[in-house]
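Before I ask anything, let me first share the structure, which is written out below as structure tokens.
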Amino acid sequence: MRRKVWLDAAAGALLVATLAAALAVPPERTMGDLARLMFVHVPAAWLAYLAFGVTLVGSAGYLATRRMKWDRLAAGSAEVGVCFNGLTIALGMIWGKSTWGVWWTWDARLVLTAIMFFVYLGYLGLRRGIADPVARARRSAWLGVLGAVQIPIVHFSVVWWRGLHQPPSVIRPGGVQMDDEFRIALAVAVLAFTAVYAALLRRHMENARAEEALAARLASEEVEVAGAAITAPRYGEVD
Amino acid sequence: MKRYLWFIIPALGLAGVVLGYLLFSLSDTLVYYRTPTEVRREEAVDSRARLRLGGQVQVGSLEAGDGRVAFVIADETAAIPVEHTGTPPQLFQEGGGVVVEGTWDGAVFRSDLMIIKHDEQYRTEDGEIYTPPADAPQGAGR
């Protein structure tokens, strides 16, 4: 198998560039060095949106075509998305403790982000609970479509409800509320995290394809598994 | 797929109703904090009920004491004097956004929990590259 490492290498290089850019920007006027958390918290949140959006595409693609490659796309993307959704919450808590003064509060954005995390954790749990690949793909595809409703709700929660979390600084009407230094560093960070997402998703899909091939082979051939040499004790037949 | 339709349709309907309720009916009570104007307007605020008040710390109003601070939280139209017990978070400052939790007796808001509210603007120390628009939200800086 030819190793395709260029994507991993590009993601790694971009991460190094992100670190350099995040350390190079001047301190923010009110938050100082704490504002540097933005360069991991915001791209992590972006990746959660992106990943769950791709899960929606994969789920809809599966329901339309019934081809397993769409299911692999949806599942792999959801798994990466859950990781980065969790990372968003963890980093947000650290940032919240140091700027707001609290680890957690019942603000709409915080609550909805946590709900999104658990819904997609449930998506992964649902997949583990169904043995038949076709039933698994079909049922999880419906959840993948329904769950995506949350993406715009989470993003615009800070606009719709008056809360503690600040409104969007970039994706908002009326221009970006950020100095050029922060904007450039954030763009690099978002690019780097997107490359990391692409690299992880590709590995995930390769693994899923290999697992499917193995399962198909085990099912079609009479391959002897290691445990076959051991038989269950038959108490009733022993004198 | 047909069997799941019986699950999908109610689920979508439920989600829609819940979202509509949150957006249009509960939006008044679903706010995280109330503004000074809203607190002033409500004559009948129960003096024992805890509520959250949010706004900007009025410049020049801050008086620091031993384990307590007094200041005024203001928005465009109203101001409320606050007596806070406890040490404020590191980023507490005049002109900055703040949310306090406590009781309001019609004259003084007594709080024991303070949370700093940061706005969506990220600016460098010189602050000259970005010029906020005229309709910039409250908490736009010092």
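Computed from heavy atoms alone, side chains included, the values below leave out hydrogens, waters and symmetry copies. Quick note on labels: first sequence line is chain A, next is B, and so on, each numbered from 1. Model, not experiment: these values are computed from the prediction.
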Next item on the list: Calculate, to the nearest 0.5 Å, the distance between atoms CZ and OH belonging to R109(A) and Y32(B) respectively.
Entry: 14.5 Å
Check: Can you list every salt bridge (Lys or Arg N to Asp or Glu O under 4.0 Å) pair that touches residues 52-61 of chain B, not counting sequence neighbours?
Finding: R52(B)-E101(B)
Item checked: Side chain proximity check, W100(A) to M114(B), heavy atoms < 4.5 angstrom -> no
Next item on the list: Answer yes or no on whether R162(A) is positioned over the face of Y33(B), meaning its NZ or CZ is under 6.0 Å from the six-membered ring centre and within 45° of the axis.
Entry: yes
Can you give the donor-acceptor pairs under 3.5 Å from side chains of residues 128-137 of chain A to other protein atoms, not counting sequence neighbours?
{"residue": "D132(A)", "atom": "OD2", "partner": "A135(A)", "partner atom": "N", "Å": "3.3"}
{"residue": "R136(A)", "atom": "NH1", "partner": "I130(A)", "partner atom": "O", "Å": "3.3"}

Next item on the list: Could you have a look at P26(A), P168(A), P167(A) and say which one has the most heavy-atom pairs with chain B under 4.5 angstrom?
Entry: P167(A)
Check: Just how far is it from atom CG of D119(B) to atom OG of S169(A), taken to the nearest 0.5 Å?
Finding: 8.0 Å
Next item on the list: Report the option among V102(A), L146(A), T99(A) that has the most heavy-atom pairs separated by less than 4.5 Å from atoms of chain B.
Entry: T99(A)
Next item on the list: Give, as side chain, backbone, both or neither, the part of I153(A) having an atom under 4.5 angstrom from any heavy atom of chain B.
Entry: side chain
Next item on the list: Say whether Q121(B) and Q177(A), considering side chains only, have a donor N or O and an acceptor N or O under 3.5 Å apart.
Entry: yes
Notebook entry, point to check: Are the side chain of K117(B) and the backbone N or O of G163(A) linked by a donor-acceptor pair below 3.5 Å?
Noted result: yes
Next item on the list: Output, in order, the C-alpha distance, side-chain angles, deciding distance and verdict of side chain to side chain contact (heavy atoms under 4.5 Å, CB included) for Q93(B) and T30(A).
Entry: CA-CA 9 Å; Q93(B) 59 179 5; T30(A) 46; 3.4 Å; yes
Note to self: How close do Y122(B) and F182(A) get, counting heavy atoms only, and between which atoms?
What the structure shows: O-CD1, 3.5 Å
Next item on the list: State whether the number of non-hydrogen atoms from other residues, nucleotides or ligands found under 6.0 Å of W70(A) atom CH2 is greater than 12.
Entry: no
Margin query: What's the separation between atom CZ in R123(B) and atom CE in M31(A), rounded to the nearest 0.5 Å?
Written below: 10.5 Å
Notebook entry, point to check: Do I115(B) and L164(A) touch side chain to side chain, with heavy atoms closer than 4.5 Å?
Noted result: yes
Next item on the list: State, with a plain yes or no, whether a side-chain heavy atom of H118(B) is found less than 4.5 Å away from one of E28(A).
Entry: yes
